[in-house]
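Just below is one structure, and these are the notes that go with it.
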Amino acid sequence: DTGVSQDPRHKITKRGQNVTFRCDPISEHNRLYWYRQTLGQGPEFLTYFQNEAQLEKSRLLSDRFSAERPKGSFSTLEIQRTEQGDSAMYLCASSPSDGNEKLFFGSGTQLSVL
Amino acid sequence: QKEVEQNSGPLSVPEGAIASLNCTYSDRGSQSFFWYRQYSGKSPELIMSIYSNGDKEDGRFTAQLNKASQYVSLLIRDSQPSDSATYLCAVNFHGGSTLTFGKGTMLLVS
C-alpha cells in the first residue's frame, strides 16, 4: 500500500492552455474523489467515482473540467482553456467504500495559471 | 445548504496545554464526522473519525460529538509544537457519499 499518488506535484501554465492531472488511488479502494483547495479555504468537492462510474459532480465543475476513470483504477482530471481563477491545489482522495466515508488524500497537484 | 463552520483562528496555546477546536454543522441527520490535520503546503491527513454521540479517544486526541447541538470538537492534550497545523472538520451529510469540509482552524503551539 503506497497511498494515493498524484502527478504532477506542480504545474505552471499560461492562461488558455489545457492541463491534465493524474491520480492513482490506494489499490483496494473503489471510490475516488477530486477536491480543489485554495489558500485559507477547506477542500471543495468537485466529483467522485465509484469504480469507473462518475456518480456525482459539483456545480463548481464547469464544462471546462472533465474527469475520467476509464478502468476503475487511476483517474485523470483535465481543465481546458485554463483561467487564472483555476489556480489552486487539486487534491485526489480515495475511500474503501465501507460506508464510513474515510477519505485518504494524495499529496495534491498545485496549479498556477499565469 | 450544507455547511460546516469553524473558527479560522489562529488558536494559540502554550506547549503542554490542551487545545480545543470546535466545529458546527448544518444537518441534524449527519452521521459521520472527521478531523483532518493539514500542515502548510501539505495535503490533509485523517486523524480522527467519530460516528456516535460522546467521546472517542486516540492517544493525545479526543473527539467529542453532540448531534443534538450539531457540534463536534477535537481536544489535543499535552500540545506539542509539532501539532501546529490547520485542523479541518469534515462532515458526511445525511444521504451523501462525499465529505464537506470547514475552512479549518489554525493551531499554533509555542
Side-chain angles (χ1 to χ4, degrees), chain A residues 3-7 9-10 21 23-26 29-51 53-61 67 88-112, chain B residues 1-10 21-27 29-52 56 58 63 65 72 74 85-107:
Chain A
V4 179
S5 177
Q6 291 189 246
D7 184 70
R9 293 291 303 276
H10 304 274
F21 310 141
C23 172
D24 288 87
I26 295 170
H29 288 181
N30 56 9
R31 285 192 176 176
L32 185 149
Y33 300 78
W34 286 99
Y35 280 79
R36 179 173 66 187
Q37 187 177 27
T38 54
L39 198 62
Q41 302 295 314
E44 294 177 304
F45 169 74
L46 294 178
T47 188
Y48 94 95
F49 294 83
Q50 171 105 8
N51 300 313
Q54 189 173 19
L55 296 187
E56 189 174 340
K57 293 193 292 186
S58 166
R59 290 171 297 168
L60 292 175
L61 208 66
M89 174 77 83
Y90 289 83
L91 294 163
C92 177
S94 68
S95 167
S97 183
D98 57 3
N100 293 324
E101 311 310 333
K102 288 182 181 177
L103 301 189
F104 297 88
F105 284 90
S107 298
T109 295
Q110 181 66 53
L111 173 66
S112 298
Chain B
Q1 184 75 359
K2 299 176 180 177
E3 293 184 338
V4 179
E5 299 288 340
Q6 294 182 258
N7 188 322
S8 61
L21 303 158
N22 300 311
C23 169
T24 58
Y25 58 94
S26 59
D27 182 3
S30 301
Q31 297 294 321
S32 307
F33 307 86
F34 305 87
W35 284 99
Y36 284 80
R37 178 177 61 199
Q38 187 172 29
Y39 293 111
S40 180
K42 303 296 185 182
S43 62
E45 172 192 10
L46 179 65
I47 54 172
M48 290 287 289
S49 59
I50 188 166
Y51 307 102
S52 55
K56 178 181 178 182
D58 184 0
L65 175 61
V72 57
L74 179 70
T86 295
Y87 289 81
L88 297 162
C89 174
V91 177
N92 175 227
F93 285 104
H94 180 65
S97 299
T98 64
L99 295 186
T100 300
F101 286 82
K103 293 184 178 182
T105 298
M106 181 182 293
L107 174 66

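Proteins come first, then strands; the chains are lettered A, B, ... in the order of their sequence lines, and each starts at number 1.
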Looking only at non-hydrogen atoms, find the nearest pair between [X] and [Y] and report the distance.
X         : Y         : value
Leu103(A) : Leu46(B)  : O-CB, 4.3 Å
Ser107(A) : Ser43(B)  : CA-OG, 3.8 Å
Tyr36(B)  : Lys102(A) : OH-C, 4.3 Å
Tyr48(A)  : Thr98(B)  : CD2-CG2, 3.7 Å
Gly42(A)  : Leu88(B)  : CA-CD2, 4.1 Å

Side chain, backbone, both or neither: which part of Gln41(A) has a heavy atom under 4.5 Å from chain B?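 The answer is both parts of Gln41(A).
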
Top contributor to chain A interface from Pro44(B), Gly41(B), Ser8(B) [non-hydrogen pairs under 4.5 Å]: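 Option with the greatest count: Pro44(B).
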
Glu45(B) versus chain A, the contacting section by heavy-atom distance below 4.5 Å: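 No part of Glu45(B) comes within 4.5 Å of chain A.
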
Within a reach of under 6.0 Å around NZ of Lys56(B), are more than 12 heavy atoms found that belong to other residues, nucleotides or ligands?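 Buried by this count: over 12 neighbours within 6.0 Å.
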
With a 6.0 Å cut-off (strictly less than), is the heavy-atom count around CE of Met106(B), excluding the residue itself, greater than 12?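 No - once you tally the heavy atoms of other residues, nucleotides and ligands closer than 6.0 Å, there are 12 at most.
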
Side chains of Thr100(B) and Phe45(A): closer than 4.5 Å at any heavy-atom pair?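 A side-chain contact is absent here, since even the closest heavy-atom pair is not under 4.5 Å.
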
Do the side chains of Ser97(B) and Leu55(A) get nearer than 4.5 Å, heavy atoms only?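 No; the side chains remain at least 4.5 Å from each other.
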
Who among Glu56(A), Gln37(A), Gln6(A) has the most heavy-atom pairs with chain B under 4.5 Å?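 If we count pairs closer than 4.5 Å to chain B, Gln37(A) comes out on top.
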
